[in-house]
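The next block holds one structure in the form of structure tokens; read it before the comments.
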Amino acid sequence: MGEKIDGLDLLEGSRNFRIMSDAELLTLKQQLAKLSESERREMSAFIVRLGQESDEWKQETTRRLDEMNAGKRTAISDLNRSNH
């Protein structure tokens, strides 16, 4: 089973546990909604970078690159021909 820290349940072996309460998450979303467009882009880039650090993202990227190296890719010239 999991353990409980500061009222939050943590599942052993899981990276998908919640570290915020629903109220804290709502507050964060409300604060994000008040950001300017450039601040939102900056936060979005930050969140993407966090995702790229995950093992899942690295494995999927490796799989896609391996497929491309094995010949499963489309050349830009092929795309241009299909549009005519």
Side-chain angles (χ1 to χ4, degrees):
M1 203 69 166
E3 61 180 289
K4 201 163 200 157
I5 299 176
D6 293 330
L8 300 174
D9 291 319
L10 303 178
L11 300 175
E12 292 176 16
S14 173
R15 295 173 5 120
N16 297 320
F17 57 86
R18 304 253 337 238
I19 60 170
M20 287 186 175
S21 69
D22 289 341
E24 290 169 324
L25 185 58
L26 176 61
T27 300
L28 178 58
K29 287 179 179 181
Q30 290 170 337
Q31 291 172 341
L32 290 170
K34 294 176 184 177
L35 296 177
S36 68
E37 183 65 28
S38 65
E39 290 169 324
R40 286 183 190 185
R41 280 194 302 270
E42 186 177 340
M43 290 302 291
S44 179
F46 172 72
I47 291 169
V48 168
R49 277 194 309 277
L50 288 177
Q52 291 172 343
E53 294 174 1
S54 73
D55 289 337
E56 293 86 4
W57 187 90
K58 291 174 184 175
Q59 290 170 356
E60 178 63 15
T61 300
T62 298
R63 183 191 68 76
R64 289 181 183 192
L65 290 173
D66 288 346
E67 282 185 356
M68 289 177 58
N69 290 333
K72 294 183 180 180
R73 55 181 156 206
T74 303
I76 292 176
S77 59
D78 293 339
L79 293 174
N80 289 335
R81 278 189 287 233
S82 66
N83 288 330
H84 289 44

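Quantities reported herein were computed from a predicted structural model and do not represent experimental measurements.
- Gln31 contributes atom CD, which lies 10.0 Å from atom CG of Leu26 (distance to the nearest 0.5 angstrom).
- With Ser54 contributing its side chain and Gly51 its backbone, the two residues share a donor-acceptor pair below 3.5 Å.
- In this structure a side-chain-to-backbone donor-acceptor pair under 3.5 Å is missing from Ser44 to Arg40.
- Around CG of Leu65, the count of heavy atoms belonging to other residues, nucleotides or ligands within 6.0 Å exceeds 12.
- Note on Arg41 versus Glu37: salt bridge recorded, some NZ/NE/NH1/NH2 to OD/OE distance being below 4.0 Å.
- If you take NZ on Lys58 and CD on Glu53, they are separated by 7.0 Å, rounding to the nearest 0.5 Å.
- The hydrophobic clustering, which links ILVMFWY residues whose side-chain heavy atoms are closer than 4.5 Å, places Leu35 and Leu25 together.
- The pair Glu60-Arg63 counts as a salt bridge, with a side-chain nitrogen and a carboxylate oxygen less than 4.0 angstrom apart.
- Heavy atoms of other residues, nucleotides or ligands lying less than 6.0 angstrom from CZ of Arg64 number 12 at most.
- The NZ atom of Lys29 sits 10.5 Å away from the CE atom of Met20 when rounded to the nearest 0.5 Å.
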